[in-house]
Structure formats: C-alpha cells, structure tokens
Amino acid sequence: MNPVHLDKTTGYVAALQALKDDDRLRGLRPRAGIDFVSNDYLALASAPRMKKAIATALEAGTPVGSGGSRLLHGNCEEHESLEAEAARFFGAETALFFGSGYLANFALLTTLPQRGDLLVLDSLVHASIHEGARAGRAEHSICVHNDPGSVENTIREWRAKGGIGRVWIVVESVYSMDGDVAPLEELIATADRHDAFLVVDEAHATGVYGEHGRGLTAPYEGRENLIVIHTCGKALGAAGAIVTVPRVLRDFMVNRCRPFIFTTAPSPLMAVAVQEALLILQQEPDRQQRLANLVAFTHRELAIRGSRSPSHSQIVPYIVGDNARAMALASAMQSRGFDIRGVRPPTVPAGTARLRISLTLNVSEDDVRAMLDALFEETKGKCQ
Ligand SMILES: Cc1ncc(COP(=O)(O)O)c(C=O)c1O
C-alpha cells in the first residue's frame, strides 16, 4: 500500500464513513419507475412542442453553444428575446437570464446587498440562498419559517443595535421540501414598512400558480422593491433561471455580478426552449388546470386513507423521521416500480427525513392511487 496515497484520501474516506454511519451517504442512481420525484410539473421536459422549438432553431442556424460571456461574444439574440418576453409575461420592468437557479440566487445575493446591509432569510430557504448569503458582503439572520412576525422582530432588533443599511428579506413562495406557501401579502407589507427589498424564489411556483403560471408574485410584479427568481428547470421543463428586477438593478448586475460576467452564457438553445415554455403556458392553460386537479385528487386520496399532508401543493412530504427508515421506505417503493426518493438532513431539518413525493403531469390518477396503496401497505399508514 502507498502511504502517501493513504494520507491524501483518509480524511475523505472518514467523512464518507461518518455519513454512512448516520444513514446519510448519497449516491447517484439511474431513473427508473413511475415519476414521483421530478420537478417536471407540467411535463414540458419531453413535450413535442419543446423539442420542435429546439429542432427548428437548430435548423435555422442557432449555435449549440454561446461561445462566451454575455458581455463578449456570448450575448445572443435568443437571450435578449427571452428576457424581453419574460419581462412582458411576468409583468416586470426587466429580466435577466442565468444558467441555473442555484447560480441566479448565488449571483444576486453576492452582488446586490452591500456591506452594512442585512439579509433576513426564512429558515427553510434553498441551499443556494444560504450559500449566497454566506459568500456575500451583508450580514445575515435566519428567521422562523413562514413567520412575518419573526422577520419584523429581526429587523427591529438589528435597527435597535444600530443597523443603518438596507434590509433584504429572502423567501421562497412554495417551499421545495415542505410544499407550503409563504405569506407573501404580509411579507410585502413588512418590506414596505422597512423600506426593504423582498426577494422571492418562485422555483416551485412558476408555471404552477398564478394566472397562466406567472407565479404567486404575479400580483406584485413590477414593484420597485421586489426581485423574483423564476427557475426554468422545473415546471418550465428546460434549465436556467429568469430574474425579474427593476432596470437599475439589472444594469448593476450586468456591470458588477461576477457569476454573470465571468461565465459562458447559457446555450441560446436553452433560451429558445424557455421562451417556448412561456408560450405554452399562455396557449395551453389546461396543463396548469390538469396539475391542479391531480393535486386536489391526491390530497383527497390521502384524506380517504386517514392521512393528511402538511402541504396542499404538488409537493407532498411524507415525513418518516429516521434517516434509515426513510431510505428503506423509498427503496421499497422503488422496488414496487415508483420512482420516489428519500430526503435526509441537511437538506431537511434533523429528525424529519422524508419521502418527497412530487406530483407532475407525467403520472395519472391511477398511478397516484396505486402509489398511495403501495405506500400504505409498506407503512400500514403509520408514518403520518
Ligand atoms: C427553491 C429552489 N431554488 C433554487 C433551486 C435551484 O435551481 P436550479 O435547479 O435551476 O439550479 C432549487 C432547485 O432545487 C430550488 O428548489
């Protein structure tokens, strides 16, 4: 054995072993079974119209890669066309397209809040928001989940201690692991009262909620203290994220946002796909309705089985608690032909390991009924 090699890897081996001992070791596995795991809520990822839009663009000469940063060669007419259309569709002053939702959140939070500002994060916001807050210039506080009173107190206490900068409240509209919805009306009022910005990650609401899938922030879009992140890899069936912002903040990001400037622009084909998805939302509203019907059906079927989901949305958490039991249940469901995955800490709080059941138009009511029957056979209805 080579002792040098051993020295180089022992720390990693020990860390992996510790995860294994805690039933938290992750691994990649292929897709298999009926889809109760993806975020492809409207089944747009494989929709013929999406494929055709890409094929037509390719035939018309759209390049596969952008070839550079948006500030150099990479700024394609497809990006500009998407941003103009997205601003119109969402009712915002401007929009800026990023390669992913993770990047958009990180980029925004490391660019706009300045030294001396305060970021107030809901405790359950996505990892990309925590990372952006940690890497940025402003100090940040975590407040109680979905509790505008906690946001208010956090801001007041900070001001009382001499905080004089701007406040940025950061939340999701539909929470990714719990499927519950933020009290946006109250949060807007809190932001207004404190002359703060409200940043809303609509990753799991865009395409699903609001008129034509404009999201839960649709009634407030265009306000000068609102910034919204509409990710494009979930209900929009593509990849990337559209950030809707007042013009001055878009201009600031184009000039100062390092994750926007120092990276190759997203493929123009992806911009074409996202723009097609926005068109589909407007021209095929039945998709949104069919998903709403499936969600209502599933919650009714849960109630019939004596179980109540903490959410009312397309994200149905089935809380198990223990890490190993959650993974064993996921694996039993997979053996029965359902693609359902377990989610463990740190993605969710300790002691709340769960199955994150996701409802999409890739499944039918019969699939849902069969999945719930299997789940209740496996658990004898004991978990919730
Ligand atoms: C709430 C939330 N924000 C952001 C992201 C990241 O988006 P993307 O997958 O486009 O990087 C996710 C994805 O898991 C999410 O759930």
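First listed ligand is number 1; within each ligand, the first listed atom is number 1.
Looking at ligand 1, you'll find an N or O of Asp201 within less than 3.5 Å of one of its N or O atoms. Considering both main-chain and side-chain atoms, Glu172 never comes within under 3.5 Å of ligand 1 through any nitrogen or oxygen pair.
For Asp22 and Arg344, the salt-bridge test fails: no basic side-chain N is under 4.0 Å from an acidic carboxylate O. Contact check on Glu276 versus Lys52 returns no salt bridge, with no Lys/Arg side-chain nitrogen under 4.0 Å from an Asp/Glu carboxylate oxygen. Taking a cutoff of 4.0 Å between a charged side-chain nitrogen and a carboxylate oxygen, Arg137 and Asp117 do not qualify as a salt bridge.
Partner of Phe260 under the ring pair (Phe, Tyr, Trp, His ring centres under 6.0 Å) criterion, chosen from Phe106, Phe98, Phe97: Phe98.
Proximity of the aromatic rings of His145 and Tyr175 is defined here by a centroid distance below 6.0 angstrom, and this criterion is met. The ring of His230 has its center closer than 6.0 angstrom to the ring center of Phe90.
Tyr102 N, 2.9 Å is the protein heavy atom nearest to atom 11 (O) of ligand 1. Looking only at protein heavy atoms, the nearest one to atom 16 (O) of ligand 1 is His204 NE2, 2.7 Å. Nearest non-hydrogen protein atom to atom 15 (C) of ligand 1 is His126 CD2, 3.2 Å. Atom 9 (O) of ligand 1 has its closest protein heavy atom at Lys234 NZ, 3.6 Å.
Close approach to Ala203 involves these atoms of ligand 1, each under 4.0 Å from a residue heavy atom: 1 (C), 2 (C), 3 (N), 15 (C).
Counting heavy atoms closer than 4.0 Å to ligand 1, residue Asn105 contributes side-chain atoms (C-beta onward) but none from N, CA, C or O.
Which of Ala238, Gly101, Ser128 comes nearest to atom 8 (P) of ligand 1 through a heavy atom is settled by distance: it is Gly101.
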